[in-house]
2 protein chains.
Amino acid sequence: MPRSGAEARARLREAALDLYGEQGYEATTTAEIAARAGVTERTYFRHFADKREVLFDGEAELRDVMREAIASARDEGPLATVLRAYAAAVPLFVAGRPVAVRRAAIIATSPALAERAHAKSASLTEALVAALRERGIAEPTARLAARAGAAVFERASQAWDGESAAGLEALIARAEVELRALTENRLG
Amino acid sequence: MPRSGAEARARLREAALDLYGEQGYEATTTAEIAARAGVTERTYFRHFADKREVLFDGEAELRDVMREAIASARDEGPLATVLRAYAAAVPLFVAGRPVAVRRAAIIATSPALAERAHAKSASLTEALVAALRERGIAEPTARLAARAGAAVFERASQAWDGESAAGLEALIARAEVELRALTENRLG
DNA sequence: CTAGTTGACGTCAGTCACTGACACTTCCGT
DNA sequence: ACGGAAGTGTCAGTGACTGACGTCAACTAG
């Protein structure tokens, strides 16, 4: 049957999303996920490193898109370049939104999952740092820019999840303005 | 013997730091740590939630100091307030530096530990957000300021670990200037 | 078309992090 | 002295995760 484990992997992803949502993360076992996906527990661990990782697939794609965006960006300062990369990833965020909503609800119920989410975000930031360095930006500056950019994006994303009549790109620009206001010490 | 588990807890901390350093994090078991500390494994888990947590004690103290600093700061804008809080914690960082160095070396060897470190940092940031909100700062602004402040501090801390003739407080001020330059789009 | 190769999967046995329940001892206030 | 609270030991158990080995289907070279 299997020459590419892609289908099994996809079934595992869906099974986990379902079960974590229905019974809660801690209450479901990896064996249950595997059973619903029609494979054994061992196969689960061949596809995903641990019980949490199944919720964080597709991270590589996001990272690649943003890395490419940084590599091919025009010169306009490190922070602006980082924000361009987030803007370039907007289609991915839009496409993945339905799943992201379910996932976020699950993550909010478990500190262990929140921890992994932070780690993923940090890993993404490191990738951006590396991409900035490829453009000749010094390490400390690159890291500061990447982290500031992540803060800006999180703020934009938060607004997007809220009322948000605006699109993500506009919200990113707006959040950048907010950050500039903060650094200029205007009272918020 | 035991009326306050403080000594056992301290012995567990030292034992873990030693063993993680000698054999590596993954190669040491919680049973080993407990044995070296002269207690049972069960007692370990009464003091620390899991195998990693033993490396991240004293985080509460840091959080309290920074929270207090924010509560009693004078008005000068959210980001400046956050940076005051980091500055207020400088003595803690100085005092804890020897242990912090050993801990950092261990953390660098294990993704699981890095994950926990990020979670701790995120939890601290959330505490700062709450403290800012107590001062009447709106949630999104507070979170953006807290995250930007964390980025600034990390950059200062990085410089401190490096050559760093300067003190941490001066490096924080310097990093704040760097962030301002980034938001003003000056090429870095 | 066949034989050898490769990659995904199943099976099994084992380790270790972590938990609940219960009994015991020491400390402290009354 | 007495009773309760807090820290600990003991024991049994669950579940995440791993290594080793065998199998079978899909591809590939000849």
Side-chain angles (χ1 to χ4, degrees), chain A residues 1-20 22-57 60 106-107 109-117 119-120, chain B residues 1-20 22-57 60 106-107 109-117 119-120:
Chain A
M1 181 101 62
R3 184 60 191 178
S4 125
E7 310 99 30
R9 189 185 183 92
R11 284 201 308 274
L12 282 166
R13 255 190 277 123
E14 293 170 21
L17 207 56
D18 288 347
L19 288 172
Y20 288 167
E22 293 168 10
Q23 325 175 340
Y25 167 74
E26 286 164 18
T28 92
T29 69
T30 54
E32 285 177 303
I33 299 173
R36 175 171 297 205
V39 296
T40 61
E41 198 181 3
R42 192 68 183 85
T43 291
Y44 172 93
F45 285 106
R46 286 205 181 90
H47 283 283
F48 303 103
D50 56 44
K51 191 185 173 184
R52 295 174 261 170
E53 198 65 14
V54 66
L55 281 180
F56 300 90
D57 220 10
I106 296 170
I107 291 174
T109 67
S110 159
L113 290 174
E115 208 170 323
R116 176 59 51 84
K120 287 299 180 188
Chain B
M1 182 93 67
R3 181 58 192 178
S4 127
E7 308 100 32
R9 189 185 183 92
R11 284 201 308 274
L12 283 166
R13 255 190 277 123
E14 292 170 23
L17 207 55
D18 288 346
L19 288 172
Y20 288 167
E22 292 167 12
Q23 324 175 341
Y25 167 74
E26 286 163 19
T28 91
T29 69
T30 54
E32 284 177 304
I33 299 174
R36 175 171 297 205
V39 296
T40 62
E41 198 180 3
R42 193 66 182 87
T43 291
Y44 172 93
F45 284 106
R46 287 203 180 89
H47 282 285
F48 304 103
D50 57 44
K51 191 185 174 183
R52 294 174 261 170
E53 199 65 15
V54 65
L55 280 181
F56 299 90
D57 220 11
I106 296 170
I107 291 175
T109 68
S110 160
L113 290 174
E115 208 170 324
R116 177 59 51 84
K120 288 298 180 187

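Quick note on labels: first sequence line is chain A, next is B, and so on, each numbered from 1.
Side-chain nitrogen and oxygen atoms of A:Thr43 include at least one within less than 4.0 Å of the OP1 or OP2 phosphate oxygen of C:dG10. Between A:His47 and C:dC9, a side-chain N or O to OP1/OP2 separation shorter than 4.0 Å is present.
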Next on the checklist: For nucleotides 13-20 of chain D, give me one character per nucleotide, 5' to 3': B if any protein heavy atom sits under 4.0 Å from the base, S if the only such contacts are to the sugar-phosphate, - if neither.
Outcome noted: ---SBBBB

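At least one side-chain heavy atom of A:Tyr44 sits less than 4.5 Å from a side-chain heavy atom of A:Val54.
Listed by first and then second residue, the salt bridge (charged side-chain N to carboxylate O under 4.0 Å, His left out) pairs that reach into residues 25-43 of chain A are A:Asp18-A:Arg36, A:Glu22-A:Arg36, sequence neighbours excluded.
Regarding A:Glu7, its CD atom lies at a distance of 13 Å from the C1' atom of C:dC9, rounded to whole Å.
Within the cation-pi definition used here (under 6.0 Å to the ring centroid, within 45° of the axis), B:Arg13 does not qualify as a partner of B:Phe48.
In this structure, the side chain to side chain donor-acceptor pair (under 3.5 Å) partners of B:Arg116, at least two apart in sequence or on a different chain, are A:Glu115, B:Asp50, B:Glu53.
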Next on the checklist: Run the side-chain contact (heavy atoms from CB on, under 4.5 Å) test on A:Leu17 and A:Glu14 for me, step by step, so that the C-alpha distance in whole Å, both residues' side-chain angles and the decisive distance to 0.1 Å come before the verdict.
Outcome noted: CA-CA 5 Å; A:Leu17 207 56; A:Glu14 293 170 21; 5.7 Å; no

